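Structure, as structure tokens:
As the structure is a prediction and not an experimental result, all values here were calculated from the model.
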Amino acid sequence: MQETPLSELIQQRIKKLDTLRSLGIEPYNGTFEPSHSSEQIHKEYGELEKEQFENQTIEVSIAGRIILLRDFGKAVFAHLQDSKGKIQIYLRKDILGDKFQLIKNLDIGDIIGVSGRLFRTKTNELTIEVHNFEFLSKSLRPLPEKWHGLKDIEARYRQRYVDLIVNPSVKETFVKRQQIIKSLRDFLEEEGFLEVETPMMHTIAGGARAKPFKTYHEALDMELFLRIAPELYLKRLLVGGFERVYEIGKNFRNEGISTKHNPEFTMIEFYVAYKDYNWLMSFTEKLLSYIVQKVCGSLQVKFGDYILDFTPPYKKISMYDALKERGVPENIFKDAELARKWALEKGIDIPKESSLSKVLDEIFKEVVEPQLIQPTFIIDYPVELSPLAKRKRDNPELVERFELFIAGREIANAFSELNDPIDQKERFLQQLEERLKGDEEVPELDEDFIRALEIGMPPAAGEGIGIDRLVMLLTDNQSIRDVILFPLLRPEQK
RNA sequence: GGGCCGUUAGCUCAGCUGGCAGAGCAGCUGACUCUUAAUCAGCGGGUCGGAGGUUCGAAUCCUCCACGGCUCACCA
């Protein structure tokens, strides 16, 4: 039988595993109590001079993965990597005695625990002179090359565990992701918000306009949808008397995959009773500048070719003024036909049967959005595009809504929440007509939500922020897959 | 879903207008007790993504398929 070369490499390692077992060593059974992490060692002893190590004995123990081996026959250097860094270890035959022979069975990728004494080498590198070591896990598969790492993008996503081992910046991204979410929670907690959990399985997929994933509950014999947004449940909590609530969690949308879209993505939505979108804009400025300062240590952040400046206040401009600013003639704002003609002349693709608002929205996406690099609030959208937002008090054709754009991307969407049950029901019914025309993205009428509004919801402002996109901005990643540990991919073919 | 590009050793990559499938790292054998991508000598390792086709001859040209990347569309 012909061996493939990979299994040849694996066989060689299994042989070493067998050798260890024949010597009474079980490389998968151990536990280990390290005295230090590599980070702690560098922090505590990184300043000490060579002589200072010679005058005293500093004993440490540490566990980690071998990521580099340099064998000199009777002495071996290796690099041990643990969760936050790495450190060099030095193994000598005259110190380890018989145990030194075991190193023949050591491979790059193995996880070991070592104990010994700190010193500095001739070239002044802080190193552990190993007095004892044990196998904690034998690696049977070779790791990628030490210098170039794992570059193949598909392999990096499919085998994120390998990516994390060999590409240190990946780890940093996900540590930063957690810091962003933590500082978000800290900020909201400080502001008196309650974190809640609402259902991810909905009988009606409402709160946004998107194609949902379908699933099925056997015992109740009932079709369910993975939620596309938590909005309608969080508003029910406002009705129930919570005044400041938020939820951080996954939303699921059965739509295309791109560098800006993953079918499951993380959102925060938060709601504040008795406030409106004006209050929310300055709140958003405070919240973002808090997070950015905390996580990046500065309000200026490099993203691709841009330096993004999160120093408040952010530019604020109405959707129509933004269009005007980009040279869109005012006379098309009231006339669907003129607007469509103008768009077509500019080569903007408009779906058939689009209303005036939709055409203007398309033009906006094409002409304005990519230009919004520094944080910018776009405010006052047409009512038709925003069925859950409150009408502007002085212009019922518009709603009190803003979207925050940064680096040409929509990062947040917020409005003064519509709490008039009659207006809300009318707008739902209006939408339903589109559903009857075959628009799958319009949800069914949520009668219970209307009932809740009829009980009475306080005036409130609410906002959603795409966490993945925010993480992209603050970690300088251009693809959403680089900020999601396991992005969705087709199954690997054998 | 459309367009463009990619897929060669475990990893990173060469391989020109068709003519014996290569390098570095990793691996194996040996030497070496302070290396920093250690060094030196030797060795093994390939269904060139898959299936067809053209040809005396295909990693290379053509067709289809799979997976991926970028991009457009949809969306956050």
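- Separating the CD1 atom of A:I480 from the P atom of B:C74 is a distance of 18 Å, rounded to the nearest angstrom.
- Closest approach of A:F100 and A:G73 over heavy atoms only: CE2-O, 3.2 Å.
- Atom P of B:C16 sits at a distance of 16 Å from the matching atom of B:U8, rounded to the whole Å.
- Of the candidates B:A73, B:C32, B:C13, the closest approach to any side-chain atom of A:K74 belongs to B:C32.
- Residue A:K99 qualifies as enclosed at atom NZ: its count of foreign heavy atoms under 6.0 Å is above 12.
- When the P atom of B:C25 is taken as reference, atom CG of A:L69 falls 16 Å away, rounded to whole Å.
- Checking the phosphate oxygens (OP1, OP2) of B:C11, no side-chain nitrogen or oxygen of A:R141 falls inside 4.0 Å.
- One P atom belongs to B:A23, the other to B:G46, and the distance between them is 14 Å to the nearest Å.
- At whole-Å resolution of the value, CG in A:D152 and C1' in B:G6 are 10 Å apart.
- In this structure, B:C70 forms a base pair with B:G3, meeting either the Watson-Crick or the G-U wobble geometry with both donor-acceptor distances under 3.5 Å.
- At whole-Å resolution of the value, CG in A:D107 and C1' in B:A26 are 10 Å apart.
- Between A:R481 and A:N262, the side chains place no donor N or O within less than 3.5 Å of an acceptor N or O (distance only, hydrogens not considered).
- Contact between the side-chain N/O atoms of A:R70 and the OP1/OP2 oxygens of B:U39 is not found at any separation under 4.0 Å.
- The side-chain tip of A:K50 does not point at the ring of A:F119 from less than 6.0 angstrom away and within 45° of straight on.
- A donor N or O paired with an acceptor N or O is found under 3.5 Å between the base of B:U35 and the side-chain atoms of A:Q88.
- The cationic group of A:R401 lies under 6.0 Å from the six-membered ring centre of A:Y381 and within 45° of the ring axis, placing it in a cation-pi geometry.
- Applying the Watson-Crick and G-U wobble criteria (two distances, each under 3.5 Å), B:C61 pairs with B:G53.
- Separating the C1' atom of B:C4 from that of B:A41 is a span of 48 Å, rounded to the nearest Å.
- Counting any heavy atom pair closer than 4.0 Å across all strands shown, A:E410 reaches sugar-phosphate atoms only and no base atom.
- Along RNA chain B, the nucleotide closest to A:L489 and the one closest to A:R469 are compared, and the more 5′ of them pairs with A:L489.
- Of the side-chain N and O atoms in A:R13, none sit less than 4.0 angstrom from OP1 or OP2 of B:A26.
- Residue contacts shown for A:G256 include a base, since a base heavy atom lies under 4.0 Å away.
- The gap from the P atom of B:U54 to that of B:A58 amounts to 11 Å, rounded to the nearest Å.
- The separation between A:K104 atom NZ and B:C28 atom C1' is 13 Å, rounded to whole Å.
- Distances shown here put every side-chain N or O of A:R92 at or beyond 4.0 Å from the OP1 or OP2 atom of B:U33.
- Base engagement by A:F119 is indicated by at least one non-hydrogen atom pair under 4.0 Å involving a base atom.
- Between the C1' atoms of B:C70 and B:C64, the separation comes to 23 Å (whole Å).
- A close approach under 4.0 Å does not occur between any side-chain nitrogen or oxygen of A:K93 and OP1 or OP2 of B:C32.
- Straight-line distance from the NZ atom of A:K15 to the P atom of B:C28: 10 Å, rounded to whole Å.
- Each of A:F405, A:F402, A:F415 was checked for a ring-ring contact (aromatic ring centres under 6.0 Å, His included) with A:F377, and the lone residue meeting it is A:F402.
- In this structure, A:N413 reaches neither bases nor backbone, as no heavy-atom distance under 4.0 Å exists between it and the strands shown.
- Using a 4.0 Å cut-off, some side-chain N or O of A:T259 falls inside it from OP1 or OP2 of B:U71.
- If you take atom P in B:C48 and the same atom in B:A21, they sit 11 Å apart, rounded to whole Å.
- At a threshold of 4.0 angstrom between heavy atoms, the contacts of A:R120 with the nucleic acid are absent.
- Remark: A:R236 is positioned above the aromatic ring of A:Y233, its terminal NZ or CZ atom under 6.0 angstrom from the ring centre and at most 45 degrees off the axis.
- Taking atom OH of A:Y90 as the reference point, atom C1' of B:U35 lies 9 Å away to the nearest angstrom.
- Annotation: of the two residues near RNA chain B, A:I108 and A:R209, the 5′-most nearest-nucleotide partner is A:I108.
- Of the candidates B:G24, B:G27, B:G69, B:G24 carries the atom nearest the A:E145 side chain, counting heavy atoms from C-beta on.
- Taking atom CZ of A:F77 as the reference point, atom P of B:U39 lies 14 Å away to the nearest angstrom.
- Below 30°, between 30° and 60°, or above 60°: for A:F193 and A:F283 the angle between ring planes is between 30° and 60°, a tilted geometry.
- Using a 4.0 Å cut-off, some side-chain N or O of A:K16 falls inside it from OP1 or OP2 of B:C28.
- Dashed line: the shortest gap from a side-chain N or O of A:K122 to OP1 or OP2 of B:U35 is not under 4.0 Å.
- A close approach under 4.0 Å does occur between a side-chain nitrogen or oxygen of A:R158 and OP1 or OP2 of B:G68.
- Spacing between B:C5 and B:C11 at atom C1', rounded to whole Å, works out to 22 Å.
- Between B:A14 and B:U7, the two C1' atoms lie 15 Å apart (nearest whole Å).
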